[in-house]
Participant: 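Sending over a structure as structure tokens; questions will come in a sec.
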Amino acid sequence: MRILAIESSCDETAVAVVEVTEGAFRVRANLVASQVALHRPFGGIVPEIASRKHLEVIYSLTEEALRQAGITLEEVDLLAVTNGPGLVGSLVVGVSFAKALAFSLGKPLVPVDHVKAHSLAVFLERSLEFPWLSLVVSGGHTALFLVKSPTEHYLLGHTRDDAAGEAFDKVAKLLNLGYPGGPVISRLAEKGDPSRIPLPRPMLDSPDFDFSFSGLKTAVLNLVRSGEEFLVHDLCAAFETAVAEVLVAKARRALESLALKRMVVSGGVAANRRLRALFEAEARELGFEVHFPSAEYCTDNAAMVAVSGYFEFQAGRKASLDLDVYARSRFPKYAS
Ligand code: KG4
Ligand code: ZN
């Protein structure tokens with residue numbers, strides 16, 4: 001089965017062609033047109049600019065993906081498209097385009113949830129037995145799920161304010177480091193000492209699986225305003241470590257309370273080296289498996305949309321032409 005997948009939920013237009021043979025995924029094309037440079041002068045994403053740019057590039061990006069995959073549109077068996085959560089104006093571009101293609105080709109279309117797709121990206125490189133714990137950490141989301149099957153994600157907890165990636169972006173902005181913040185903070189942090197600047201570990205001791213990162217951002221802001229001297233490298237290392245330690249501690253509690261031995265960490269922030277290293281050390285110590293998609297499948301891409309689309313299609317899901325978009329996911333809550 002050949003899947004053409006489309007992703008336009010935020011500031012990246014992405015198109016992928018993924019082939020599935022006996023349950024194994026092979027990525028034949030995975031293109032991402034990033035709008036980062038366009039939004040950089042504004043220090044964050046401008047929704048109106050994002051949707052206009054999606055519209056401009058989606059057609060040619062699809063043509064290029066098909067060319068790289070060496071197939072024609074007629075050889076596509078299934079279309080998958082992200083229809084939420086995300087920026088509504090951006091989502092509408094991808095969804096309308098996918099609907100038009102599906103209608104004109106007479107091929108099935110499946111809707112995909114962006115957060116679920118991040119979580120399932122791991123299948124692009126390995127297969128994994130269920131159940132497992134999933135931690136999705138990106139610019140828009142920070143959430144823990146119990147994953148019982150590819151189509152069943154139960155929400156254990158999520159951020160009450162900023163997402164982890166959003167905190168990276170906001171801290172980078174207040175340090176004048178540019179946008180997006182994650183890659184630049186992690187690069188600077190490599191030469192820093194995380195123990196020189198004490199920062200809080202928000203919600204570390206709360207009994208639930210929720211997160212909060214806005215207080216951490218405020219602590220950085222207060223330090224900057226205090227006029228105290230510090231090395232940016234040290235602050236980046238301290239901030240990155242604080243975020244990573246909270247994520248690891250919450251995940252560990254979830255694994256223990258659900259008696260799970262396997263987990264997946266995905267989303268843009270999962271590309272962070274320190275976070276990966278901390279998770280790997282914890283996994284060795286406690287004896288659980290931790291899996292991360294490669295960096296290119298952690299940040300926004302359409303190959304992950306193809307994976308989720310495949311599983312949804314197998315479960316009998318199919319979109320009609322009145323398929324709508326949504327800004328926020330509504331996952332069923334985990335009940336023990
Ligand atoms: O998954 P993603 O590409 O888009 C969303 O769905 O939000 O994640 C983007 C986020 C941004 O906030 C970016 O700063 C963060 O991921 N990010 C990182 C790193 N690379 C990207 N955060 C920490 N360390 C990184 N190496
Ligand atoms: Zn994402």
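We're numbering straight along the sequence, starting at 1. As the structure lists them, so they are numbered: ligands from 1, and atoms in each ligand from 1.
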Participant: Of the backbone and side-chain N, O or S atoms of H114, does one lie nearer to the Zn ion (ligand 2) than 2.8 Å?
Facilitator: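 Yes, H114 qualifies, because one of its backbone or side-chain N, O or S atoms lies under 2.8 Å.
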Participant: Give me the residue, atom name and distance of the protein heavy atom closest to atom 17 (N) of ligand 1.
Facilitator: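 The answer is G268 O, 3.6 Å.
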Participant: What is the nearest protein non-hydrogen atom to atom 24 (N) of ligand 1, stated with its residue, atom name and distance?
Facilitator: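 Among all protein heavy atoms, the one nearest atom 24 (N) of ligand 1 is N272 ND2, 3.0 Å.
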Participant: Please state which option from H114, E166, H141 has its nearest heavy atom closest to atom 6 (O) of ligand 1.
Facilitator: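 Among H114, E166, H141, the closest heavy atom to atom 6 (O) of ligand 1 comes from H114.
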Participant: Does F239 have its ring centroid less than 6.0 Å away from the ring centroid of F230?
Facilitator: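 When the ring centroids of F239 and F230 are compared, they turn out to be at least 6.0 Å apart.
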Participant: Does any N or O in the side chain of E7 come within less than 3.5 Å of the main-chain N or O of S9, such that one atom is a donor and the other an acceptor?
Facilitator: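 It does hold such a pair.
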Participant: Can you check which of G182, G165, S138 brings a heavy atom nearest to atom 22 (N) of ligand 1?
Facilitator: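 Shortest heavy-atom distance from atom 22 (N) of ligand 1: G182.
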Participant: Does the side chain of H114 come under 3.5 Å of the side chain of T82 through a donor N or O and an acceptor N or O?
Facilitator: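 No - no donor-acceptor pair under 3.5 Å links their side chains.
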Participant: Are any of the heavy atoms in E240 under 4.0 Å away from ligand 1?
Facilitator: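 In this structure, E240 fails to qualify as a contact of ligand 1 - no heavy atom is under 4.0 Å.
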Participant: Taking only non-hydrogen atoms of C298, do any sit less than 4.0 angstrom from ligand 1?
Facilitator: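 Yes.
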Participant: If I take every N, O or S atom of H141, is at least one of them less than 2.8 Å from the Zn ion (ligand 2)?
Facilitator: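 No, H141 does not qualify, because none of its backbone or side-chain N, O or S atoms lies under 2.8 Å.
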Participant: Between F209 and Y334, does the ring centre distance come in under 6.0 Å?
Facilitator: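 Not close enough - the centres of the two rings lie 6.0 Å or further apart.
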Participant: Counting heavy atoms only, which part of D300 comes closer than 4.0 Å to ligand 1: side chain, backbone, both or neither?
Facilitator: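 The answer is both, backbone and side chain.
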Participant: Which atoms form the tightest heavy-atom contact between P202 and S212, and what is the distance?
Facilitator: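 Where P202 meets S212 most closely, the heavy atoms are CB-O, 3.1 Å.
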Participant: Start with the C-alpha distance between N272 and E240, add both sets of side-chain angles, then the distance that settles side chain to side chain donor-acceptor pair (under 3.5 Å), and finish with yes or no.
Facilitator: CA-CA 9 Å; N272 185 277; E240 191 181 71; 2.8 Å; yes
Participant: Do me a favour and list the nearest non-hydrogen protein atom to atom 26 (N) of ligand 1 with residue, atom name and distance?
Facilitator: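 Of the protein heavy atoms, S186 OG, 3.4 Å lies nearest.
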Participant: Ring centroids only, cut at 6.0 angstrom: are Y310 and F25 within range, meaning strictly under it?
Facilitator: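 Centroid distance Y310-F25: below 6.0 Å, so yes.
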Participant: Of all the non-hydrogen atoms in the protein, which one sits nearest to atom 9 (C) of ligand 1, and at what distance?
Facilitator: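 Here the closest protein heavy atom is G139 N, 3.7 Å.
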Participant: At a 4.0 Å cut-off, with the gap strictly under it, does some heavy atom of G181 reach an atom of ligand 1?
Facilitator: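 Right, G181 reaches ligand 1.
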Participant: Hey, which N, O or S atom on H118 ends up closest to the Zn ion (ligand 2)?
Facilitator: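 This turns out to be NE2.
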Participant: Do the side chain of K191 and the main chain of H233 share a donor and acceptor less than 3.5 angstrom apart?
Facilitator: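 No.
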Participant: How far is atom 13 (C) of ligand 1 from its nearest protein heavy atom, and which residue and atom is that?
Facilitator: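 Answer, as residue, atom name and distance: D169 OD1, 3.8 Å.
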Participant: Restricting to N/O/S, name the atom of D300 that gets closest to the Zn ion (ligand 2).
Facilitator: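 Going through the N, O and S atoms of D300 one by one, OD1 ends up nearest to the Zn ion (ligand 2).
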Participant: Are any side-chain N or O atoms of R40 and backbone N or O atoms of Y179, one a donor and one an acceptor, separated by less than 3.5 Å?
Facilitator: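 Present.
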Participant: Using the side-chain contact (heavy atoms from CB on, under 4.5 Å) rule, pick out the option among T72, I71, V76 that qualifies with E74.
Facilitator: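 When T72, I71, V76 are each tested with E74, the side-chain contact (heavy atoms from CB on, under 4.5 Å) holds only for T72.
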Participant: Have a look at ligand 1 and work out which part of H118, if any, has a heavy atom under 4.0 Å from it: side chain, backbone, both or neither.
Facilitator: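 The answer is the side chain of H118.
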